[in-house]
Amino acid sequence: MALEIERKFLVRDTGIIDTLAGERLTQGYLSHDKNATVRVRIAGDSAWLTIKGKTEGATRSEFEYAIPVDDARTMLDTLCGQGVIDKTRYRLPQGELCWEIDVFHGDNDGLVVAEIELPSEDTVFEHPVWLGEEVTGQVRYYNSALSAQPFKDW
């Protein structure tokens, strides 16, 4: 089984992304079940279907499959009943690890979140000065939750 072990933080200082190239991502949810979410995502000329299990601590199962971009667009337009997430992702390597910093647009404008995927839940990693409060496990910061209850409505 594929596992995702991830910690999530708010970003205190967005100046960290000023020199980074970002990638625009569009994603929507086909299922918001509490035990599994099903997401479709487009990034440039690539698309994926991702199934994520229930989060336990900072870990959850994750299965991801490449799909045709035209299929992904159709799914986003016709099957994703709730809000579609629009964000720009910036990647910032930190040794063997990599921070992914998401700057949200549209209904989630103003929200900036950094995530780091870890090889294990007890992996020690540097907490850069630009990092803010940890929000790992806070459901309202999950992208699937933001599609249903956007940041602008908090």
Side-chain angles (χ1 to χ4, degrees), residues 1-12 14-94 97-118 130-154:
M1 173 187 339
L3 292 177
E4 173 186 65
I5 302 168
E6 180 178 83
R7 302 266 300 270
K8 187 179 292 215
F9 299 80
L10 297 178
V11 174
R12 178 189 332 253
T14 59
I16 190 66
I17 63 173
D18 289 348
T19 60
L20 302 176
E23 178 178 43
R24 199 71 176 244
L25 304 176
T26 305
Q27 64 190 48
Y29 290 84
L30 303 168
S31 170
H32 287 270
D33 186 87
K34 68 179 181 174
N35 292 313
T37 59
V38 181
R39 173 187 78 201
V40 59
R41 173 186 280 169
I42 298 174
D45 59 357
S46 299
W48 302 268
L49 189 65
T50 306
I51 301 127
K52 294 188 179 200
K54 186 176 181 179
T55 302
E56 302 288 339
T59 304
R60 63 182 163 181
S61 58
E62 179 182 60
F63 306 90
E64 189 163 70
Y65 308 96
I67 62 172
V69 173
D70 287 341
D71 288 359
R73 282 192 189 103
T74 299
M75 288 181 211
L76 284 169
D77 292 343
T78 62
L79 301 177
C80 296
Q82 296 178 316
V84 171
I85 298 288
D86 179 20
K87 63 186 179 180
T88 301
R89 173 163 287 171
Y90 300 87
R91 289 180 175 81
L92 181 62
Q94 178 184 319
L97 305 175
C98 184
W99 286 101
E100 293 181 336
I101 303 163
D102 290 340
V103 177
F104 289 84
H105 309 292
D107 288 345
N108 291 296
D109 192 48
L111 181 61
V112 182
V113 175
E115 301 174 346
I116 191 165
E117 286 200 31
L118 304 169
W130 50 264
L131 213 56
E133 171 190 355
E134 183 167 7
V135 295
T136 301
Q138 293 185 35
V139 174
R140 72 180 185 164
Y141 289 101
Y142 292 0
N143 284 267
S144 60
L146 291 168
S147 74
Q149 196 150 55
F151 186 64
K152 72 174 180 70
D153 293 339
W154 291 7

Indicate the atoms forming the closest heavy-atom contact of [X] with [Y], along with that distance.
X	Y	answer
S147	I85	N-CD1, 3.6 Å
I116	C98	CG1-O, 3.8 Å
T78	T74	OG1-O, 2.6 Å
M75	L30	SD-CD1, 4.1 Å
G28	L76	N-CD2, 3.2 Å
G57	T136	O-CG2, 4.3 Å

Atom [atom1] of [X] and atom [atom2] of [Y]: how far apart are they, to the nearest 0.5 Å?
X	Y	atom1	atom2	result
L111	F104	CG	CZ	5.0 Å
T14	I16	OG1	CD1	10.0 Å
L146	D86	CG	CG	12.5 Å

Side-chain contact, heavy-atom cut-off 4.5 Å: V11 with V113?
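No, their side chains stay 4.5 Å or more apart.
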Could you tell me if the side chain of I42 sits less than 4.5 Å from the side chain of L25, heavy atoms only?
no
Is NZ or CZ of R39 both nearer than 6.0 Å to the six-membered ring centre of F63 and within 45° of the ring axis?
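No, R39 does not lie over the aromatic ring of F63.
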W154 six-ring centre to R140 NZ/CZ under 6.0 Å and within 45° of normal:
yes
My understanding is that only residues two or more places apart in sequence, or in another chain, count here; which of them pass salt bridge (charged side-chain N to carboxylate O under 4.0 Å, His left out) with [X]?
X	answer
E6	none
R73	D70
R7	E134
R12	none

Residue pair L20, L92: steps toward the side-chain contact (heavy atoms from CB on, under 4.5 Å) verdict:
CA-CA 8 Å; L20 302 176; L92 181 62; 4.2 Å; yes
Under the side-chain contact (heavy atoms from CB on, under 4.5 Å) criterion, do T26 and V84 qualify, and how do the steps go?
CA-CA 7 Å; T26 305; V84 171; 3.4 Å; yes
Exactly one of N143, T50, V40, V38 should register a side chain to side chain contact (heavy atoms under 4.5 Å, CB included) with Y29. Which one does?
N143
side-chain contact (heavy atoms from CB on, under 4.5 Å) between L97 and L118, worked out:
CA-CA 7 Å; L97 305 175; L118 304 169; 3.8 Å; yes
Expected output: side-chain K8 to main-chain Y141 donor-acceptor under 3.5 Å:
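Yes, because the side chain of K8 sits within donor-acceptor range (under 3.5 Å) of the backbone of Y141.
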Would you list the pairs meeting salt bridge (Lys or Arg N to Asp or Glu O under 4.0 Å) in which at least one residue belongs to residues 43-57, sequence neighbours left out?
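Listed once each, the pairs are E4-K52, K52-E62.
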Centre-to-centre under 6.0 Å for W99 and F9, is that the case here?
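Yes - the distance between ring centres of W99 and F9 falls below the 6.0 Å cut-off.
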Less than 3.5 Å apart, any donor N or O on the side chain of W48 or E64 sitting next to an acceptor on the other?
no
Please, which pairs that meet side-chain hydrogen bond (donor to acceptor under 3.5 Å, both in side chains) have at least one residue in residues 101-113, sequence neighbours excluded?
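Only K87-D102, T88-H105, R89-D102 qualify under side-chain hydrogen bond (donor to acceptor under 3.5 Å, both in side chains).
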Are more than 12 heavy atoms, taken from residues, nucleotides or ligands other than Q149, located less than 6.0 Å from that residue's CD atom?
no
Determine, step by step, whether T37 and Y142 satisfy the side-chain contact (heavy atoms from CB on, under 4.5 Å) criterion, reporting the C-alpha distance in whole Å, the side-chain angles of both residues, the deciding distance to 0.1 Å, and the verdict.
CA-CA 11 Å; T37 59; Y142 292 0; over 6 Å; no
